[in-house]
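Remarks on the structure that follows.
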Amino acid sequence: TTIAMIPLYALLMRSGNQSKRIAGFSLIVLLLIFGVMRFHTTSQICGKLNLERKFVIDTLKSESFDHHAQIAMIMDSHTTQGYYRWSSGYFQFIFGNPTIKGQMGPEYFFYDAFNLKACDFRHRMSCLDPDQRLIAYRDGRKMRYFLQWKQPGFKDSPWALYRSDRSDYLQLINSGSGKGEYIQALHSESISSEDVLWGALRYWNIAP
């Protein structure tokens with residue numbers, strides 16, 4: 001960009017009009033400043049995306065991805081923004097496996113991440129299949145317990161509590177309706193809600 005401006009600058013400097021030369025010089029300075037700012041902004045964005053990609057790869061490097069494996073990466077993502085199809089394509093690209101599906105983005109609470117009817121771009125952080133293998137991490141920590149709140153926004157919603165086995169397949173360990181029965185299930189299973197993906201009680205925000 002700077003090299004391309006040199007002939008323009010020389011032409012303006014040969015002009016006999018002093019005001020034109022000053023205006024031309026000012027224009028070139030502004031263009032140079034704009035170019036530097038744009039380069040700096042682009043570098044920052046690319047730097048964040050590269051760090052995010054490295055974090056995903058480092059977190060999942062010990063995992064094996066068989067046919068139709070699912071990934072749930074719960075993190076502050078700037079790459080896929082929680083969209084199922086975008087996240088799936090991202091995983092497929094960086095791991096070279098066209099069968100991987102999943103989601104990458106922030107954690108929502110007391111909602112249905114397993115809604116197979118919510119896979120388009122109107123929905124985020126959804127469309128996981130509870131019958132398929134699920135490899136899930138929250139901020140780099142592997143998760144083993146999962147809450148499915150089947151009617152998000154309703155305090156008396158039916159719910160299902162899953163635990164993944166050693167092969168990362170989900171097993172239904174409890175079910176019920178409403179917050180009270182969910183708390184009872186946590187006590188009976190000796191599980192802290194902080195260990196349940198999508199089910200931490202401190203984030204309960206459904207009106208009574």
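The structure presented is a predicted model; accordingly, all values stated were derived computationally and were not measured.
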(request) Verify side chain to side chain contact (heavy atoms under 4.5 Å, CB included) between Ile191 and Leu161, making sure each step is shown before the conclusion. (result) CA-CA 11 Å; Ile191 302 171; Leu161 183 61; 4.2 Å; yes
Is there a side-chain contact between [X] and [Y], using heavy atoms and a 4.5 Å cut-off?
| X | Y | answer |
| --- | --- | --- |
| Glu63 | Phe95 | no |
| His68 | Asp129 | no |
| Tyr182 | Ser193 | yes |

Identify whether the distance between the nearest side-chain nitrogen and carboxylate oxygen of [X] and [Y] falls below 4.0 Å.
| X | Y | answer |
| --- | --- | --- |
| Arg144 | Asp168 | yes |
| Asp112 | Lys117 | no |
| Arg141 | Asp195 | yes |

(request) In sequence, state the C-alpha distance, the side-chain angles, and the governing distance for Asn115 and His123, and then conclude on side chain to side chain contact (heavy atoms under 4.5 Å, CB included). (result) CA-CA 10 Å; Asn115 185 356; His123 305 88; 5.8 Å; no
Flag, side chain of [X] to backbone of [Y], donor-acceptor distance under 3.5 Å:
| X | Y | answer |
| --- | --- | --- |
| Ser167 | Tyr169 | no |
| Trp149 | Gly199 | no |
| Ser87 | Met104 | yes |
| Gln103 | Leu128 | no |

Working to the nearest 0.5 Å, report the span between [atom1] of [X] and [atom2] of [Y].
| X | Y | atom1 | atom2 | result |
| --- | --- | --- | --- | --- |
| Glu52 | Asp76 | CD | CG | 7.5 Å |
| Leu147 | Phe114 | CG | CZ | 9.0 Å |
| Leu116 | Gln132 | CG | CD | 9.5 Å |
| Met125 | Thr80 | CE | OG1 | 7.5 Å |
| Tyr145 | Ser164 | OH | OG | 8.5 Å |
| Phe146 | Leu134 | CZ | CG | 4.5 Å |

Hydrophobic cluster membership, [X] vs [Y], 4.5 Å side-chain cutoff:
| X | Y | answer |
| --- | --- | --- |
| Met75 | Ile135 | yes |
| Ile183 | Trp204 | yes |
| Tyr90 | Phe65 | yes |
| Ile206 | Trp159 | yes |
| Met143 | Leu186 | no |

(request) Look at the rings of Phe109 and Tyr203 and say which category their plane angle falls in: under 30° parallel, 30 to 60° tilted, over 60° perpendicular. (result)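 Taking Tyr203 first and then Phe109, their aromatic rings lie parallel (interplane angle under 30°).
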(request) Give the ring-plane orientation class for Tyr108 versus Tyr111, where under 30° counts as parallel, over 60° as perpendicular and anything between as tilted. (result)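 Aromatic pair Tyr108/Tyr111 classed perpendicular.
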(request) Applying side chain to side chain contact (heavy atoms under 4.5 Å, CB included), run through Gln81 and Trp86 and close with a yes or a no. (result) CA-CA 8 Å; Gln81 300 180 30; Trp86 198 352; 4.1 Å; yes
(request) Tell me whether the centres of the aromatic rings in Tyr162 and Trp198 are closer together than 6.0 Å. (result) no
Would you tabulate the side-chain donor-acceptor contacts of residues 171-180 under 3.5 Å, counting partners in other chains and residues two or more places apart, or write 'none'?
| unit_1 | atom_1 | unit_2 | atom_2 | d |
| --- | --- | --- | --- | --- |
| Gln171 | NE2 | Asp165 | OD2 | 3.4 |

(request) Apply side chain to side chain contact (heavy atoms under 4.5 Å, CB included) to the pair Tyr84 and Lys101, showing each step before the final yes or no. (result) CA-CA 8 Å; Tyr84 172 77; Lys101 305 292 184 181; 3.3 Å; yes
(request) Would you check if there is a donor-acceptor pair between the side chains of Tyr83 and Arg124 at a distance under 3.5 Å? (result)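 Yes, a side-chain donor-acceptor pair sits under 3.5 Å.
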